[in-house]
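Each remark here refers to the structure printed beneath this line.
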Amino acid sequence: MAYLSTIDFFTDRNFLDRWQRTLRGELDLGWLHAKTEKLAATPENPRRGLTFRDLDQGAYGFTALPEVVRQNRSLAPRGAELPEGLPDLQPAVSHKSEVWAYNTEGYYEEAMTRQWNATLDVPWHELAKYELPDDISRAYAQLLTFLTEVEMIATDVPAQWLGRLNNEFTEVKNFMATQVMDEARHSEVFRKRALTTGYGLMKASPQNEWSLKLIRDSDSFAEMSLALHLVGEGFVLTLFRFSEYISPTELDKKIFRLVMQDEARHVGYGVQHLKWVMRHFPEKREVIHQHLDEVENMVFGGGYAVEVTEPFIILAGKGTKKENIEHGTRITALFQMKQIEEYFERLDKCGLQERRQRSKLHNALELTRASLQEAGVIP
Ligand SMILES: [Fe+2]
Ligand SMILES: [Fe+2]
């Protein structure tokens, strides 16, 4: 059979003839006999509606997906008959273990029901009732600048991988599409808030950006997901929680609560993916440790750059006087220690309890904790 892509359909007699005969009522009806499973899915819980889990049946389901899905390299949806002549999209990722996570389908459904709107769901008009001191506004504008940078890479990276995943991974691709939308909304809300501070945007951070770029440059989806979902967004999730705590206004607390609900979902996928890999492919443990060695270096450099740590200190201490800075450094130190501890707790949940022993990040945490305790910054 000739490659369909090489046919000029306007002059091809077979095609023109077929089209005209069809419109005269001379039907082919070959598709009527598709060799596929017959299915009439129904919602298990009518209140929840028809979910991806309700469709998890036979060849349509995700449970039955084999580890390697190269039998379909086209746009054909999972479960359709695959006739000869489908295009080969050359997907870069066709191994289930590279992308799958417990509850992928659930994360997608949750994302769809919890979308919010940065234009309307934040009570922007209330900003008029707050008058913030100059140093707070400026520090906050800097924190928002940093957060916008972070959200931009979080939008780009899953978008870049979407078209490279095999189309058999429907639920993962849909989940990633919601993540792209979530992250676009995060960069939107931080940008909008920055431009209301009176200072606009402040200074970009080379150290942060070189670190973020490493996520984009990951060689494989599995590596990218470890760097983005598990490590990067895990750190960001703790950062959001503390940002809510030190937020200068109620409106800002609301912004952080909204972004946190999305971020928790992205980290949830990362954790459930690593858990899935550890359970099904324990032999990958060593290579995961090697990725983590690189990723921890990246997140440590970017996450604790001056352009984020210093505004955080000023916001936490509520000013730039000596006593403010003292108070602010204490809160920021406790927050950053907590941020690293929570990361290791996440790895514990995935079955990587031994990570602390070989991690330079853990070593840096212990050294810094001891030095701050000695200086009396933290108890
Ligand atoms: Fe985000
Ligand atoms: Fe995220």
Side-chain angles (χ1 to χ4, degrees), residues 99 101 103-104 106-119 121-122 140 143-162 165 171-194 201 204-205 208-209 211-216 218 221-245 247 252-274 295 298-299 302-303 305 307-308 312 339 342-343 346:
V99 298
N103 195 36
T104 306
Y107 287 124
Y108 171 70
E109 303 283 359
E110 184 196 302
M112 291 309 290
T113 52
R114 302 195 79 184
Q115 291 296 301
W116 51 279
N117 181 323
T119 304
D121 294 338
V122 175
Y140 195 38
L143 176 63
L144 291 161
T145 305
F146 174 89
L147 291 176
T148 309
E149 265 174 325
V150 169
E151 298 297 351
M152 283 189 161
I153 200 81
T155 313
D156 285 356
V157 170
Q160 173 194 344
W161 279 94
L162 255 180
L165 303 191
E171 296 81 0
V172 177
K173 296 186 81 158
N174 276 37
F175 169 71
M176 300 270 291
T178 63
Q179 186 186 0
V180 174
M181 189 60 233
D182 290 347
E183 308 295 12
R185 186 171 53 239
H186 296 178
S187 62
E188 173 195 355
V189 80
F190 292 138
R191 180 178 183 82
K192 284 184 172 170
R193 182 63 182 104
L201 288 162
S205 168
N208 181 39
E209 290 198 15
S211 295
L212 293 173
K213 184 175 174 296
L214 289 176
I215 304 181
R216 199 203 61 171
S218 302
F221 181 90
E223 228 173 274
M224 176 284 289
S225 175
L226 205 61
L228 179 72
H229 298 114
L230 191 89
V231 187
E233 301 190 88
F235 268 67
V236 165
L237 183 58
T238 316
L239 173 63
F240 284 168
R241 216 174 49 248
F242 272 81
S243 301
E244 183 203 354
Y245 172 67
S247 277
D252 293 298
K253 288 189 195 303
K254 175 156 193 198
I255 290 178
F256 283 108
R257 280 196 291 270
L258 287 167
V259 292
M260 244 188 292
Q261 79 186 22
D262 298 337
E263 220 52 60
R265 197 162 54 236
H266 309 157
V267 178
Y269 167 81
V271 168
Q272 296 304 330
H273 168 58
L274 185 54
V295 173
M298 174 263 315
V299 82
E307 293 86 357
V308 57
F312 214 90
Q339 199 175 29
E342 285 187 354
Y343 160 67
R346 254 172 235 127

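As the structure is a prediction and not an experimental result, all values here were calculated from the model. For ligands, and for the atoms within them, numbers begin at 1 and follow the listed sequence.
Between the Fe ion (ligand 2) and Glu151 there is no N/O/S contact shorter than 2.8 Å. With 2.8 Å as the limit, His186 counts as an N, O or S neighbour of the Fe ion (ligand 1). Between the Fe ion (ligand 1) and Glu183 there is an N/O/S contact shorter than 2.8 Å. Checking His229 against the Fe ion (ligand 2), every N/O/S atom stays at or beyond the 2.8 Å cut-off. For the Fe ion (ligand 2), the N/O/S atoms of Glu263 include one lying under 2.8 Å.
The atom of His266 nearest to the Fe ion (ligand 2) is ND1, with the search restricted to N, O or S atoms. The Fe ion (ligand 2) is closest to atom OE1 of Glu233 (considering only N, O or S atoms).
If you check the side chains of Ser247 and Lys254, you find no donor sitting under 3.5 Å from an acceptor. With 3.5 Å as the limit, one finds no donor-acceptor pair spanning the side chains of Asp262 and Gln179.
You'll find the side chain of Val189 reaches within 4.5 Å of the side chain of Val259, heavy atoms only.
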Begin with the C-alpha distance, continue with both residues' side-chain angles, and end with the deciding distance and a verdict on side-chain contact (heavy atoms from CB on, under 4.5 Å) for His273 and His229.
-> CA-CA 9 Å; His273 168 58; His229 298 114; over 6 Å; no
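Counting non-hydrogen atoms of other residues, nucleotides and ligands closer than 6.0 Å to CE of Met152 gives a total of 12 or fewer.
Taking 4.0 Å as the cut-off between side-chain N and carboxylate O, Arg346 and Glu342 count as a salt-bridged pair.
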